[in-house]
Amino acid sequence: MTLDDDAYGSLGDLAAGLLGRVSVPGPLGAGETAVASGSFAVDPAFFGDGDIGRLAVCATVNDLAAGGVEPRWVTLSLTVEAGLPATLLRRVLTSAREAAREADVEIRGLETRVVRAGDANRLFAHSTAGGTEPWPHARTPAAVPGETLLLSSPLGGWAVHLLSVREGLGLENLVPSGCHPLNTMLRDVVGSVEPGAVRRVHRLARGGLARVLRTQATAAGRTVRITEEALPIQHEVGSAAELLGVDPLRTTDEGCLCLFVAPGAADVVRDALRAHVHGRGAAVIGEVTDAVAPVALLDERGGRAHRLGPRADLRPEPSRLR
């Protein structure tokens, strides 16, 4: 087996199989630190409203925040091709600094390494975020019937934005990437609703929303059901996605979070999200049902229920969306 583009989509499963079960830490104790870490290769490395430096900071900060921890610091490591113009390196570092300022975190470490031209698609990035103070919201281990699902922003913008830049479609001015640190939004939301109203928060990483829903349905042993009409998909995103052969439900989305909230709390959480600049497009999209079948269903506009199966995880997204 070679690790070509066709294998990339299931690389995480391969690594997990070789390493065995990776332990997931429980709630933080006094003085303990939680960290989130990620490596980033994005094509193009410089896109309409950001670049790989901004992505590296935002993604790890959002990972930590989605886990219920207030981020406090980040470190950044860059692998740079020989010959990269210094102006581009300055742009990446400036973007990372600005993203850290938006997230209200410190950059506590920076490492750079130079490799031969052609070995790093101009540059790769690795970042780690750390925090010590858990947010006061319940993070139940599995979904329960009656929980409501929300998206914090419109879906699919990240993929369409990158592909538009890459293919020269010119849509990046209409469709923002949505690459923002979302920890301050979550902090405001959690602080403005009743304790326990926000049960779990998930980033839309590889496999996108479909994978999040399927994972939660499997863990709960219940059916998670969403409605196509309720999905917040910008008109330009839907049209471009159809043209490019991209399914917004199945791609990484760096600007969107999926929240599972307590029964009866959907409206207040949605309103709290919409009060923040990065949550103005928040929408209620579905619920956890009491059906004892671990599947994720999409109720289409025509009335048919479509199962969001695992097939998409085994296919690569358009080359290096992240």
Side-chain angles (χ1 to χ4, degrees), residues 22-40 42 49-78 92-111 124-139 150-153 158 177-193 195 197-206 212 252-261 269 272-273 275-279 282 322:
V22 178
S23 62
V24 178
L28 291 181
E32 292 185 328
T33 299
V35 298
S37 185
S39 296
F40 304 91
V42 59
D49 58 5
D51 53 52
I52 195 170
R54 182 174 182 82
L55 170 63
V57 172
C58 292
T60 47
V61 163
N62 293 345
D63 255 344
L64 202 61
V69 176
E70 176 72 76
R72 293 299 183 190
W73 53 262
V74 295
T75 64
L76 184 65
S77 175
L78 300 176
V92 168
L93 294 174
T94 300
S95 292
R97 182 186 63 198
E98 291 176 351
R101 185 182 297 121
E102 291 174 35
D104 194 23
V105 299
E106 295 181 278
I107 297 181
R108 291 191 178 177
L110 172 65
E111 179 188 24
F124 296 149
H126 180 91
S127 60
T128 298
T132 57
E133 297 179 12
W135 284 335
H137 73 277
R139 186 171 177 84
L150 292 87
L151 292 180
S152 66
S153 64
W158 170 252
S177 72
C179 186
H180 303 293
L182 302 176
N183 58 310
T184 57
M185 179 183 71
L186 284 177
R187 178 201 304 157
D188 292 348
V189 170
V190 171
S192 64
V193 300
V198 178
R199 297 285 180 83
R200 285 170 309 285
V201 181
H202 301 275
R203 285 184 58 242
L204 305 187
R206 177 161 291 277
V212 169
T252 301
D253 200 318
E254 293 297 343
C256 189
L257 299 173
C258 180
L259 292 79
F260 285 65
V261 306
V269 173
L273 286 167
H276 193 278
V277 63
H278 299 319
R322 171 173 165 204

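By the 4.0 Å N-to-carboxylate-O rule, Arg54 lies close enough to Glu102 to be salt-bridged with it.
Looking at residues two or more places apart in sequence or on another chain, you find a salt bridge (Lys or Arg N to Asp or Glu O under 4.0 Å) between Arg108 and Glu106. Residues satisfying the side-chain contact (heavy atoms from CB on, under 4.5 Å) test with Asp49, not counting sequence neighbours, are Phe47, His161, Pro176, Ser177. Residues that satisfy the side-chain hydrogen bond (donor to acceptor under 3.5 Å, both in side chains) test with Thr60, not counting sequence neighbours, are Ser127. With sequence neighbours left out, the salt bridge (Lys or Arg N to Asp or Glu O under 4.0 Å) criterion links Asp51 to Arg91. Applying the side-chain hydrogen bond (donor to acceptor under 3.5 Å, both in side chains) rule to Thr75 yields no partners; only residues at least two apart in sequence or on another chain are considered. By the side-chain contact (heavy atoms from CB on, under 4.5 Å) test, Val193 is found to be paired with Ala197, Val198, Val268, Val269, Ala272, residues two or more places apart in sequence or in another chain being considered. His278 pairs by the ring pair (Phe, Tyr, Trp, His ring centres under 6.0 Å) definition with His180, His276, not counting sequence neighbours. Every side-chain contact (heavy atoms from CB on, under 4.5 Å) that Ala103 has, sequence neighbours left out, goes to Val61, Val105, Pro181, Asn183. The side-chain contact (heavy atoms from CB on, under 4.5 Å) search around Thr94 returns Arg97, Glu98, not counting sequence neighbours.
When all heavy atoms of Ile107 and Ala100 are compared, the closest pair comes out as CG1-CB, 3.8 Å. Here the shortest heavy-atom pairing between Leu64 and Gly131 reads CD2-N, 3.5 Å.
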| said: If you apply the rule side chain to side chain contact (heavy atoms under 4.5 Å, CB included), what do you find for Glu111 with Leu78, and how did you get there? | reply: CA-CA 6 Å; Glu111 179 188 24; Leu78 300 176; over 6 Å; no
| request: Begin with the C-alpha distance, continue with both residues' side-chain angles, and end with the deciding distance and a verdict on side chain to side chain contact (heavy atoms under 4.5 Å, CB included) for Val35 and Trp73. | output: CA-CA 10 Å; Val35 298; Trp73 53 262; 4.2 Å; yes
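Atom-to-atom distance recorded for Thr252:OG1 and Leu204:CG is 8.5 Å, nearest 0.5 angstrom. Distance check: Leu150 CG to Leu257 CG gives 11.0 Å after rounding to the nearest 0.5 Å. Here the CG atom belonging to Leu55 is positioned 4.5 Å from the CH2 atom belonging to Trp158, to the nearest 0.5 angstrom. With rounding to the nearest 0.5 angstrom, the CG atom of Leu259 is 12.5 Å from the CZ atom of Arg199. The CG atom of Asp104 sits 8.0 Å away from the OG1 atom of Thr184 when rounded to the nearest 0.5 Å.
Judged by distance alone, with hydrogens and angles left aside, the side-chain atoms of His126 form a donor-acceptor pair with the main-chain N or O of Gly38 at under 3.5 Å.
Considering only heavy atoms from C-beta on, Glu254 stays 4.5 Å or farther from Cys58 through its side chain.
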